*Asks:* 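Pasting a structure here, questions to come.
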Amino acid sequence: MTDTTAAPLLEVSDLRVEFGDPRRGEVAAVLNGVGYSVRAGETLAVLGESGSGKSVTAQTVMGILDTPPGRITGGSVRFRGEELLGADPERRRLLRGESMAMIFQDALSALNPVYTVGAQIAEQFRFRRGMSKKDAMARATELLDLVRIPNAAQRVKEYPHQFSGGMRQRAMIAMSLALDPELLIADEPTTALDVTVQAEIMELLDELCRERTMGMILITHDLGVVAEVADRIAVMYAGRIVEETDAATLYAHPAHPYTRGLMASVPRLDGGGGQLDPIPGLPPSLSAIPPGCPFHPRCAHAEDRCRTEVPALRALVDPASAEGGHRAACHFAERFLPADAAPEEVLSR
Ligand code: SF4
């Protein structure tokens with residue numbers, strides 16, 4: 001259970017990132033004031049379509065955003081209260097692995113094909129902990145065992161191509177845990193895997209995070225993946241958070257039409273929900289985000305105000321939402337909440 005009174009492990013506020021060349025007038029506003037926080041032991045799922053800014057936010061948090069072409073134009077990323085934007089590169093490098101780690105969608109390209117899996121995990125113990133080769137390989141074997149790779153003592157000597165897709169992802173998880181980070185960012189960790197293996201990997205990540213009281217940011221476009229593991233969910237659209245609340249509330253009564261559209265386009269396992277209803281149109285080009293609410297060209301509820309006025313991300317009075325409240329960036333979010341809900345406070349514009 002997450003301690004909701006504890007200070008956040010990670011706090012991202014008003015983060016702004018652009019790509020392109022302003023001198024030529026070619027600028028894509030990729031992040032437009034993103035803010036979220038994660039506590040120790042908590043899993044925050046960041047949900048959205050491709051190009052919504054989920055991965056760019058994570059890369060900025062990790063300090064691995066390519067600059068150029070990216071440009072951080074504003075905001076703050078604090079880890080345990082320490083500002084990371086503008087911090088010394090050596091400090092950022094030290095924090096990666098030791099305090100925060102990231103696993104990627106494509107484990108095959110993240111692993112080096114010419115070294116054994118064990119050598120790649122052991123490298124961190126050798127260079128960051130000064131261990132002997134033998135001790136480092138023993139720790140690598142323990143980690144493969146921890147992520148439930150059968151016959152870890154043999155597997156540690158094998159190369160990535162000798163592992164199945166699911167085992168490679170387990171090996172990546174082992175590698176990310178090597179230095180006991182407090183925060184794990186998992187960027188679409190199961191997208192390349194079949195459904196059964198996806199469920200096993202998510203279960204493993206969930207267990208490891210809870211056992212180690214580790215915070216996790218789970219980046220995904222797949223609502224099904226987050227249902228079992230997320231404590232809170234932040235939905236992103238066009239480089240903004242458009243809704244954020246605890247997982248149960250989001251599933252019970254999403255308050256933003258985009259989130260509602262995502263829900264309506266996913267089949268339900270219980271067969272309920274009726275006909276699938278995909279969101280019309282496509283996400284906007286980030287170099288030409290529509291004025292007003294960026295979702296208005298695709299929104300069935302859009303009114304005149306939506307075409308000119310950017311909706312603020314507001315805290316809603318939602319009696320059903322548990323800890324952490326319910327926030328949405330829609331002028332008319334209350335229409336989708338229980339009858340006694342009302343706007344409370346403007347958080348950002
Ligand atoms: Fe739709 Fe308007 Fe709400 Fe945007 S502000 S999501 S266009 S109703």
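Remember, it's 1-based here, ligands and their atoms both numbered in the order they're listed. Please read these numbers as outputs of a predicted model, since none were measured by experiment.
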*Asks:* Set out, in order, the CA-CA distance, both residues' side-chain angles and the distance that settles salt bridge (charged side-chain N to carboxylate O under 4.0 Å, His left out) for Arg210 and Asp206, then state yes or no.
*Replies:* CA-CA 6 Å; Arg210 293 191 196 282; Asp206 189 37; 2.9 Å; yes

*Asks:* Provide, to 0.1 Å, the distance between atom 4 (Fe) of ligand 1 and the closest protein heavy atom, together with that atom's residue and name.
*Replies:* Cys293 SG, 2.3 Å

*Asks:* Evaluate the criterion side chain to side chain contact (heavy atoms under 4.5 Å, CB included) for residue pair Leu146 and Leu177; output intermediate values, then yes/no.
*Replies:* CA-CA 10 Å; Leu146 178 76; Leu177 297 180; 4.2 Å; yes

*Asks:* Taking only heavy atoms of Phe332 into account, list the atoms of ligand 1 that are under 4.0 Å away from them.
*Replies:* 8 (S)

*Asks:* Quick one: does ligand 1 sit under 4.0 Å from the side chain of Arg305, the backbone, both or neither, non-hydrogen atoms only?
*Replies:* neither

*Asks:* What protein heavy atom is closest to atom 2 (Fe) of ligand 1, reported as residue, atom name and distance in Å?
*Replies:* Cys306 SG, 2.3 Å

*Asks:* Provide the number and element of each atom of ligand 1 under 4.0 Å from a heavy atom of His301.
*Replies:* 8 (S)

*Asks:* Pull out every atom of ligand 1 sitting under 4.0 Å from any heavy atom of Cys299, numbered as shown with elements.
*Replies:* 1 (Fe), 6 (S), 7 (S), 8 (S)

*Asks:* Counting only heavy atoms not in Glu228, do more than 12 sit closer than 6.0 Å to its CD atom?
*Replies:* no

*Asks:* Going by the atom numbers of ligand 1, which of them fall below 4.0 Å from some non-hydrogen atom of His256?
*Replies:* 6 (S)

*Asks:* Would you call Arg260 and Glu243 a salt bridge, taking side-chain N to carboxylate O under 4.0 Å as the test?
*Replies:* no

*Asks:* Looking at atom 1 (Fe) of ligand 1, is one of the N, O or S atoms of Cys330 less than 2.8 Å from it?
*Replies:* no

*Asks:* Among Glu309, His331, Arg298, which one has a heavy atom closest to atom 5 (S) of ligand 1?
*Replies:* His331

*Asks:* Passes side chain to side chain contact (heavy atoms under 4.5 Å, CB included), Lys54 versus Thr57? Steps please.
*Replies:* CA-CA 5 Å; Lys54 316 179 293 287; Thr57 310; 5.9 Å; no

*Asks:* With the 4.5 Å side-chain cut-off for hydrophobic clustering, are Tyr237 and Met263 part of the same group?
*Replies:* yes

*Asks:* Taking the six-membered ring for Trp and the single ring otherwise, decide whether the centroids of Phe336 and His301 are under 6.0 Å apart.
*Replies:* yes

